[in-house]
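Notes follow once the structure below has been shown.
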Amino acid sequence: MTPENYFNLCNLLIKTINDFYIRDRDTLLLKIKNNDLIVTLSKEISPLMLEQQIDNILMDMINNGLIKGNATSTKMGPIFTFRGLTSKGMEYISSINSNTIKNKMKKAIHDEGLPLTIPSLLKVLGKTIC
């Protein structure tokens with residue numbers, strides 16, 4: 001997955017959870033399944049790998065305080081439940097809605113040679129908006 005697609009996938013997930021009051025992973029996957037980005041990514045990587053990538057991003061968003069939620073491990077994979085976004089998550093959405101800030105974030109990640117992960121995005125976001 002390209003850095004651009006990773007960034008766009010993160011944005012799609014958090015915006016969808018917020019905009020449609022999504023409360024669980026399965027509902028989220030149903031809501032985004034026909035999104036152009038998901039269709040494109042499904043052609044580049046297997047559906048299972050895409051779901052695993054989505055799970056990793058969701059876990060990072062919960063662990064880094066963007067989404068209020070839980071992940072419960074089961075034999076069939078994690079079960080995610082969401083209770084909305086945190087104030088940090090709302091700040092993230094506001095920032096990525098600004099093309100200026102979004103472009104600054106992408107440039108900073110590239111210039112600093114950071115991996116494109118949720119912690120990296122948050123680190124750069126803090127520097128960009130402060």
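- Residues Pro115 and Ser120 approach most closely at O-OG, 2.7 Å, considering heavy atoms.
- Within the 4.5 Å cutoff, the side chain of Leu9 has heavy atoms near those of the Leu13 side chain.
- For Asn18 (side chain) and Ile14 (main-chain N/O), no donor-acceptor pair under 3.5 Å exists by modelled atom type.
- Considering CD1 of Ile96 and CE of Met105, their distance stands at 7.5 Å, rounded to 0.5 Å.
- To the nearest 0.5 Å, atom CG of residue Leu58 and atom CD1 of residue Ile17 are 5.5 Å apart.
- Heavy-atom minimum distance, Ile93 versus Leu85: CD1-CD1, 3.2 Å.
- Considering every non-hydrogen atom in both Asp55 and Pro78, the closest pair reads OD2-CG, 3.7 Å.
- Of all heavy-atom pairs spanning Tyr92 and Leu121, the tightest one is OH-CD1, 3.6 Å.
- There is no path of hydrophobic side-chain contacts, each under 4.5 Å, that joins Leu30 to Ile54.
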message = Apply side chain to side chain contact (heavy atoms under 4.5 Å, CB included) to residues Ile38 and Leu12 and explain how you reach the verdict.
response = CA-CA 9 Å; Ile38 299 301; Leu12 172 65; 3.8 Å; yes
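- Rounded to the nearest 0.5 Å, atoms NZ (Lys68) and OG1 (Thr81) are 13.0 Å apart.
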query = Going through the checks in order, is the side chain to side chain contact (heavy atoms under 4.5 Å, CB included) test met by Leu66 and Met90?
reply = CA-CA 8 Å; Leu66 295 177; Met90 295 303 290; over 6 Å; no
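- Note that the CZ atom of Arg23 and the CG atom of Asp26 stand 15.0 Å from one another [nearest 0.5 Å].
- Not a single donor-acceptor pair under 3.5 Å links the side chain of Lys33 to the backbone N or O of Val39.
- Closest approach of Cys10 to Met61, counting heavy atoms only: O-CE, 3.2 Å.
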message = I'd like to know whether Leu28 forms a side chain to side chain contact (heavy atoms under 4.5 Å, CB included) with Phe20, so could you lay out the CA-CA distance, the side-chain angles of the two residues, the decisive distance to 0.1 Å, and finally the verdict.
response = CA-CA 9 Å; Leu28 175 63; Phe20 298 99; over 6 Å; no
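- Lys15 and Asn97 share a side-chain donor-acceptor pair at under 3.5 Å.
- A pairwise comparison of heavy atoms in Leu50 and Ser42 identifies CD2-OG, 3.5 Å as the closest pair.
- Under the 4.5 Å side-chain heavy-atom criterion for Ile, Leu, Val, Met, Phe, Trp and Tyr, Tyr21 and Phe82 are members of distinct hydrophobic clusters.
- Rounded to the nearest 0.5 angstrom, Ser46 OG and Leu41 CG are separated by 11.5 Å.
- Atom CD of Gln52 and atom CE of Met49 lie 7.0 Å apart (nearest 0.5 Å).
- At most 12 heavy atoms of other shown residues, nucleotides or ligands fall within 6.0 angstrom of atom CG in Asp36.
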